[in-house]
Every structure is written in C-alpha cells, then in structure tokens.
Asker: 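First, the structure itself, so that you have it in front of you.
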Amino acid sequence: MSDRTSNPNIPPQTWNRPIGLGWDNPYTVRYPSNLDDGPWHGMPLGGFGAGCIGRSHRGDFNLWHIDGGEHVFRSLPACQFSVFEEIDGKKQAYALSTEPPTDGSLSAWKWYPSELKIKNEKLKSEEQNSDSSLSTGSYHALYPRSWFVYENVFQAQLSCEQFSPIWAGNYQESSYPVAIFEWIAHNPTDRPITLSIMLTWQNTVGWFTNANKSPEIKVRDDGSPVYEYNSRWGESGGNFNRLVEDFHRIGCVMTRLSASEEVKEGEGQWAIATVANAAVEVFYQTRWNPAGSGEDIWRPFSQEGFLLDDPDETPAAGGEQLACAIAVRFTIRPGKTRKIPFILAWDFPITEFAPEVWYYRRYTDFFGRNGKNVWSIIRTAMKHSDTWRENIQAWQQPILAREDLPDSIKMAMFNELYALTDGGTLWSAADERDPKGQFAVLECIDYRWYESLDVRLYGSFALLMLWPELDKAVLLAFARAIFTGDDTPRVIGWNQASAVRKIAGATPHDLGAPNEHPWEKTNYTSYQDCNLWKDLPCDFVLQVYRDFLLTGSTDYEFLQECWPAIVEALAYLKTFDLDGDGIPENSGAPDQTFDDWQMRGVSAYCGGLWLAALEAAIAIGSLLIQNQSNVEELNQSPITNFNKDFTDVSLSPITNYQLPITNYQLPITNYQLPITNYQNWLEQAKPIYQQRLWNGQYYRLDSESGSEVVMADQLCGQFYARLLGLPDIVPEECALSALETVYESCFIKFNQGEFGAANGVMLDGSPEKPGATHPLEVWTGINFGLAAFMMQMGMKEKALELTEVVVKQIYANGLQFRTPEAITATGTFRASHYLRAMAIWAIYHELVIGNW
C-alpha cells in the first residue's frame, strides 16, 4: 500500500496518499441520517480513553473526540504547523494545511499547495502536450504512527512523524493524552538553509462538554435512538495562556479561570512544548487572535522566522478567541540533518455522562486528577518519547517482517486499531474491583452505545490479542449486567411494539451510552427488543472461554466470576426452545446481529452459536471442577496446549498477564448440574441442526422461512468451536462445502468479486429480494471473520484474496480511519467508525496459530 520513500523511518506497509489529494468519487452514506464527514480522515492521536484528535492528509486538525463518546468533526485552522525557509536570501513560509479557512480568518497566512503546476518545457518527457503538476508530498499512516513528507516546495527535505505511546500489552502509557511530533530536516544543497518550524494552537478549554446536560432521546428515521450533542464550541471566555520554561523545555500551557477547585467535564489544560538548546532559537507568543487575519503572528514569522516573545496572560473576554504559538529557528549546513521535537498534551480528567454521573480517566492514575497536570505529561513525553517509539517498533516489526501476509493486510491490521483511540473510547481509573479500570468502545458513531456484544464477537479479537486484560474487563461488565433488570417501557423502532428495556437474566446487547451511565445502565439500543435476541447469550459464553484459553488457560478467577452469568444466560436463552428439542428458535423478528433480516425456526447462524456455546459451557464447568479438585493435574492437562503457539514475539503480550490460580472452595454440584443439562441439550440439538438445515451443499438460512439464500456467516458457530478446540458442530466435509459455496456465491459471483462477500445471496450471486438491506451489504467485519474461518479450514489463498478486496474498498475510496460496518455495490456505506472491522486480527490469529 505504500511507495518507499527517501525517509528510512517510514515502513513500506503504510497507507499513503499525496498531501491534499481528494477523491473523484468517494463512498457516501446509504441513509441521509447516517454520519458522513467526508473522506478527509487521518490517523488519530491520543491515548485510549483519554480523548483524541485527528489530522487529515490535508494537514488540518479536524477530529475532536475530547469528550468521551462524543463526535466533533471540523477543522480548526489555528491549530497548525507552519514552516519558514530562507536560502541565499530567498524566503518563503507556509502554514502546512492545503485547506485555507472558509470563514475569512487567518487571511494573512499562506497555505501549503496540494500540487505545483509546471509547464511542458520543464518536463523531462517530450511527449507531454499540456501543463502537468508535481506532488507537494505524501502522508503515511501505520497506527499509532503517521508521517508527512514534504516535497518540491522547500529546498530542505522535511518530514514530520506523529505518534502516541500505544503498543501491545501496555496498560499505562497507552492511556496518555499526548501526541509527539518529530520533525526531521535535511539540507541536500551545497548552501546553508535557515528554517523555522512553528506550532500554533487554539485554547479550547471548556469547549468539549454537552451544553445540554439532559438531551432528549429521539428515534431516527432508521429506527435507532439518538440524542443531540451540543458542544460549547467557541466559548473561550476566561481562557488564558501562560509561558512555561523548565530547564531545556519551553512551551505554553492553555487553561482557564475557574471559581471552583473542583474540576468538571471539559475543564483542564492543553499544552504545546519543544526543546531549547544552544543549537536553536526558540520563540513564543502566548496570546494572539485566531479569529482575525493572523497578521500579527504571521508577519514576523514569514519575514524572519521568529515570534515576538510576548508572555501575555490576559484572559479572553466573552466572545473572544485565544491562541498561542512556539517556533524553533535553526540553520542547517549542507549535507546535515537536524531533528526538532514538538509535544502536544492535554489534561481533561473527567468524563461525564448523565448529570452527576462521571468517571476519572485511566491516565489520571499516573498524573493526578485536578486537571492541572498537563506539564507533567509534557515532561514525561520529552523524557521517554524515544523509548516509546522503540517499543512501538519492537511490537510491530515481527508482524511487518512476515512474508506470508500481504503488505496491504499488515497495513490494515494496524490501521484498524484506530477505533481503540477514536471510537468514543472509555477507560476509567482503576479501583479495587477493576485493577486496570473499566474499558469500552462504541459500536460506532452512528449507533452510539458501548461494546455491542454481537459486534465484538468478531471485533474484539484485536483487543484480546493485544490488550487482553481490557477485553476481560469488558466481559466482566457483561457478566455483572446479566443479572440486572430495567422495567422501563419503550417503543421498539423496527415494529413500534412496546417492550421493557432489560429483563433480568437476559444478556444485554450493549453496555450503555454516553448520555446515561455506561456499564451500569445497559441495552441502550431500541431498534430491536434485545431481550429476544438469540445470539447474545452464546456470544457471551464463547468470548469468556476464548479469553481464558487464549491468555494462557490460567485465569480461573475470571472463569469463576463469569460462571454464574453463563448459567443464567443459557437458562434464559433455553426458554426460547418452544418445542423442547434442545435448540432455541428464532421468532421471525430480526433477533440477532443481522437486525434487519428475519429468521424463523432453527437458524444456521444462531443455532450454530448455541451448539458451540453449549460445548464451551461444558468445557468451562469441567475446568472449574478440575481446578477445584486438583490444580496440579489441571496444569498438565491437554488444554494448556492453547498457550504453546503464542510464543511468537508478535503475540507475546498475551502471555504476559496471567493471574494466579485460585482454589475455589465451592461444591462440585454447583457446576455439575448445569453441565449435565448442557450435555443433554447438546445431544438433542446437534442432529436436529444437521437434519433441518443441511441441503447437501450448504446450510439453509433457517428451518421455516423456505429461503434458499446462501448466508455468508452461516457457520460462525463452527468457526468458534474450532477456534476453542471444541468438537465440530457439523461434519468437516459439510463445513468445507458450505465455505466453498459462500466463496463462490457471496463473493465471486456478487458483482464479480469486486466488493467482498455479501451477507446473503442466491447461488448465482443474485439477490433473493432486490430491495433487501442487510443481505446485500458487504459487512467489513463479517468478511474478516469469514476470512479467518477460511484460514482455519485451510483455504488460505482464498481468505487472503477476500481480505485484500475488502481492504482495497476501504482504503482506496476515502473510508480510511472511519471504516464502516457496511458497504454496497452502489458505492454507499453505513455506520462509520465501526467496531467489528477489528476482526481483521482474527485472520492474523489463524495465520499464526494454524489449525488446532
């Protein structure tokens, strides 16, 4: 996905694009109510749950996820890098965004060109008959690092690397609200070059909180709940900036006047900083007007590369805007190179949800909670940024070096992790119950509720493989929530029926929303009655067993804490087995993850998950019995083989966080009774599943609708059974036949394999119902899960082919860093910033581990 550049620090596996280059025909939203910010998204910067910012390949900072769970997308032109250059008396200066403000502000500034027009006579090729253009540089991204390389404008060779300290297995620095920018300037000429690099930043303290503390919940035209978010954008009255000089560090802290010592959401600090030494000159200006022409700061910078060194701390009046700036000026001799660091940090320690419902963020465990610690974050970053980068490289390099994985998939694997930063992520401060805090990522920005359990069945592989303790924290939150009930009535969007929000014993769909009380008040979505869903209890059981096995098979405390919820969830789901044959039936309403697609009777998707979940529950209960009776025997059992293949350095963080075994003194009958039930249900259900659904080539959608559609994800249960080393739920030859049919019908015959695998089509690739919604969509995460299943079953080449097609659709059509749930063959998408796409890490898991 990347052309190799002259900068050796940029891996060749990045996503890259010329600076400022747009798209002729990018994907657009399928429904008007869906979010469509346009294609100008770049890699986010910031720690998990700390809030994040985004900078597009135009060079503008335009994504502001500073308030937990809330989305603000708009350019803030005063937040910008600018470069001054002088060589042989010739001077030029540019603000490094190709997108000038449209509101008349900063009109004195000169903005970076996205291309340079050149005449025919200057071209080496004599075949050119018209004016052409030169690129002015390129943008590269491989999360959590990204780069700008500037070309053909300055005489100096300039690049800027951006990153935050995020790497696998790290539960401290990965939470930090900080971004490091390292500039590399090289002089390729035979004359000295004077450069000045300026970072300007607008004081936005107080902006990122909802002005409406109790927003009304409404139902959109697609039937899903939504509330209005009104940030306090532009409300800067009382904000002020101050200069900080600290040994070799110098910068500006942006804060605001406050009558209370008690910090609230949106209150805190920003800071920008750099390093001062004898080889450079550092200038500053703590107060200038970003809403004006910008001439007061641009004139000295563009003429001589300096600032006025004015330490004005006057607070902004009501309606006034405020910004600060630092600049570093230096001269490079011919052939020499210089590195210049800049640090951006912020400290907004509180995330508030409903009124008086708030949490401290995880990073406050390391920097304090009073909202006045941004300079401590700056100092830490200055001291450790080189080590942080080395840790990122050490984590990524073994994966990037693999020759059995295409570069495009390596690129997408890392870049899809962006959602862990920008997905409205919550990561709370630690406490005794949750020693690494509680964690949650939104299903997406359109469907703004946390950790949808059906979506994370595939989408949580990345979190599990890289930060396993956070994945366990999510599942423990579900375990606690299963026993709770909420009798609040509400209208279901799909059919306008009335239903209670949460039945005690039912597995919740999600862990709540940013406007209520996440982790405590669940089942926010009301498009369907989630109490009726047939996949959620199974999803919970399978993920619990998966997390136990794939983290070393030693965390019995985790299994024990989840066991009562497993028993409760499966007992609740069994009540939908109306004919007593051991397998719950779908009701005819969309009652599973494909929540606009009706299934009736025994379904391939939900029925298969049920069989796999029963097998997993039997295994979990048996392990707990063994652990109770003989810990040493358990440690020598074959089940520990699940850990043997995770010695690969690229996955080693998984084995670094194994909790001590605890000998639980509970009666064996607490486990044996439900195990016996599960064995009886499984013995009943397994032959029924095969008899009712197998048609000789693939598994039917369900047993009662009469549909002959080929469902792409029909054997998700079989994939999980093999993943967990459980007995097959269907014969292997049937699974292979079904997978080959899905490959041919849903992928190759669906628009000639151009888009990926559609969820459900006829054998010839045509739609069963031309007006259907979910069946004719290509779901990115489902495709990656399907590819992982194909890898598992020995169909590696076809799995990689499918994956590369889907990756191309995302990264070649303006969907980068806002990967949607669904794309269509007509160039539309639905539900951007989607959690399930991180399922691409399941492919890597199967590649590394291979068949059990």
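When reading the values below, keep in mind they use all heavy atoms of this one structure, side chains included, and skip hydrogens, waters and symmetry mates.
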Asker: Could you tell me whether Trp23 and His57 have their ring centroids closer than 6.0 angstrom?
Answerer: yes

Asker: Going through the checks in order, is the ring pair (Phe, Tyr, Trp, His ring centres under 6.0 Å) test met by Phe367 and Tyr176?
Answerer: CA-CA 9 Å; Phe367 290 104; Tyr176 287 2; 4.8 Å; yes

Asker: Show the numbers, then the answer: is there a side-chain hydrogen bond (donor to acceptor under 3.5 Å, both in side chains) between Asn415 and Tyr811?
Answerer: CA-CA 10 Å; Asn415 282 335; Tyr811 287 91; 4.7 Å; no

Asker: How long is the span from the CG atom in Leu400 to the NZ atom in Lys410, to the nearest 0.5 Å?
Answerer: 6.5 Å

Asker: What's the spacing between Ile193 CD1 and Asn187 CG if we round to 0.5 Å?
Answerer: 3.5 Å

Asker: Going through the distances and angles, do Asp67 and Arg232 end up as a salt bridge (Lys or Arg N to Asp or Glu O under 4.0 Å)?
Answerer: CA-CA 11 Å; Asp67 185 355; Arg232 295 188 178 275; over 6 Å; no

Asker: Evaluate Arg249 against Arg379 for side chain to side chain contact (heavy atoms under 4.5 Å, CB included), listing each step before the verdict.
Answerer: CA-CA 8 Å; Arg249 297 173 288 262; Arg379 287 200 303 263; 3.2 Å; yes

Asker: Between Glu320 and Arg287, is there a side-chain N and carboxylate O pair less than 4.0 Å apart?
Answerer: yes

Asker: Is it true that a side-chain atom of Asn813 and a backbone atom of Tyr27 form a donor plus acceptor pair closer than 3.5 Å?
Answerer: no

Asker: Taking all heavy atoms of Ala50 and all of Ser175, pick out the closest pair and write down the distance.
Answerer: CB-O, 3.2 Å

Asker: Side chains of Thr194 and Glu86: is there a donor and an acceptor less than 3.5 Å apart?
Answerer: no

Asker: Hey, what's the ring geometry for Tyr150 with Phe148, parallel, tilted or perpendicular (30° and 60° as the breaks)?
Answerer: parallel

Asker: Can you say whether the rings of Phe81 and Phe61 are parallel (under 30°), tilted (30 to 60°) or perpendicular (over 60°)?
Answerer: tilted

Asker: Are Phe73 and His41 near enough that their ring centres are under 6.0 Å apart?
Answerer: yes

Asker: Answer yes or no: is there a donor N or O on one side and an acceptor on the other, between the side chain of Asn373 and the main chain of Ile377, under 3.5 Å?
Answerer: no

Asker: If we ignore hydrogens and angles and just use 3.5 Å, is the side chain of Asn203 paired with the main-chain N or O of Val205 as donor and acceptor?
Answerer: yes

Asker: Go through it in stages, so that I can follow the logic: the residues are Val83 and Tyr94, the test is side chain to side chain contact (heavy atoms under 4.5 Å, CB included), and I'd like the CA-CA distance, side-chain angles, deciding distance and then a yes or no.
Answerer: CA-CA 6 Å; Val83 169; Tyr94 291 97; 6.0 Å; no

Asker: Could you tell me whether the side chains of Ser236 and Gln321 share a donor-acceptor contact shorter than 3.5 Å?
Answerer: yes

Asker: Are Ile53 and Ile66 side-chain neighbours, meaning at least one heavy-atom pair lies under 4.5 Å?
Answerer: yes

Asker: What residue among Trp167, Tyr418, Trp395 forms side chain to side chain contact (heavy atoms under 4.5 Å, CB included) with Pro144?
Answerer: Trp395

Asker: Does some side-chain heavy atom of Val282 sit less than 4.5 Å from a side-chain heavy atom of Thr274?
Answerer: yes

Asker: Looking only at heavy atoms, which two atoms of Trp207 and Gln202 are closest? And how far apart?
Answerer: CH2-NE2, 3.6 Å

Asker: Is there a donor-acceptor pair under 3.5 Å between the side chain of Thr286 and the backbone N or O of Asp310?
Answerer: yes

Asker: Rounded to the nearest 0.5 Å, what separation is found between the NE2 atom of His140 and the CG atom of Asn9?
Answerer: 12.0 Å

Asker: Can you confirm whether the side chains of Trp40 and Ser75 place a donor and an acceptor under 3.5 Å from each other?
Answerer: no

Asker: Just list the side-chain donor-acceptor pairs under 3.5 Å for residues 332-345, sequence neighbours left out, or say none.
Answerer:
from: Thr337; atom 1: OG1; to: His186; atom 2: ND1; distance (Å): 2.7

Asker: Backbone N or O of Pro39 within a donor-acceptor pair of the Gln816 side chain at under 3.5 Å?
Answerer: yes

Asker: Could you walk me through whether Phe817 and Met43 satisfy the side chain to side chain contact (heavy atoms under 4.5 Å, CB included) test, starting with their C-alpha distance in whole Å, then the side-chain angles of each, then the deciding distance to 0.1 Å, before giving a yes or no?
Answerer: CA-CA 6 Å; Phe817 303 107; Met43 191 202 77; 3.8 Å; yes

Asker: Could you tell me the separation between the OG1 atom of Thr421 and the CH2 atom of Trp427, rounded to the nearest 0.5 Å?
Answerer: 10.5 Å

Asker: Examine the side chains of Thr780 and Thr819 and answer whether a donor and an acceptor come within less than 3.5 Å of each other.
Answerer: no

Asker: Show your reasoning for whether side chain to side chain contact (heavy atoms under 4.5 Å, CB included) applies to Phe301 and Leu308.
Answerer: CA-CA 9 Å; Phe301 178 76; Leu308 300 179; over 6 Å; no

Asker: Quick one: does Arg242's side chain have a donor or acceptor within less than 3.5 Å of a partner on Cys252's backbone?
Answerer: no

Asker: Do you know which of Glu70, His71, His833 makes side chain to side chain donor-acceptor pair (under 3.5 Å) with Arg448?
Answerer: Glu70

Asker: Would you say the side-chain atoms of Asn62 pair up with the backbone N or O of Arg74, donor to acceptor, closer than 3.5 Å?
Answerer: no

Asker: Report the distance from atom SG of Cys160 to atom CD1 of Ile180, rounding to the nearest 0.5 Å.
Answerer: 11.0 Å

Asker: Please identify each residue that fulfils side-chain hydrogen bond (donor to acceptor under 3.5 Å, both in side chains) with Gln162, with sequence neighbours left out.
Answerer: Arg55, Ser146

Asker: Can you label the angle between the Phe208 ring and the Trp64 ring as parallel, tilted or perpendicular, going by 30° and 60°?
Answerer: parallel

Asker: Take a 6.0 Å sphere around CG of Asn277 and say whether it holds more than 12 heavy atoms from other residues, nucleotides or ligands.
Answerer: yes

Asker: Which residues satisfy the salt bridge (Lys or Arg N to Asp or Glu O under 4.0 Å) test with Arg389, sequence neighbours excluded?
Answerer: Glu161, Glu182, Asp386

Asker: Would you check if the side chain of Gln396 reaches a backbone N or O of Tyr143 as a donor-acceptor pair within less than 3.5 Å?
Answerer: yes

Asker: Checking the side chain of Asn152 only, and the main-chain atoms of Ser135 only, is there a donor and an acceptor separated by less than 3.5 Å?
Answerer: yes

Asker: Going by side chain to side chain contact (heavy atoms under 4.5 Å, CB included), Cys444 matches just one of Leu442, Val441, Asp446. Which one?
Answerer: Asp446

Asker: Should the pair Arg58-Asp60 be classified as a salt bridge under the 4.0 Å nitrogen-to-oxygen rule?
Answerer: yes

Asker: When rounded to the nearest 0.5 angstrom, what is the spacing between CE in Met382 and NE2 in His384?
Answerer: 13.0 Å

Asker: Where the side chain of Ser97 meets the backbone of Glu99, is there a donor-acceptor pair that is under 3.5 Å apart?
Answerer: yes

Asker: Measure the acute angle between the ring planes of Trp298 and Trp109, then classify it against the limits of 30° and 60° as parallel, tilted or perpendicular.
Answerer: parallel

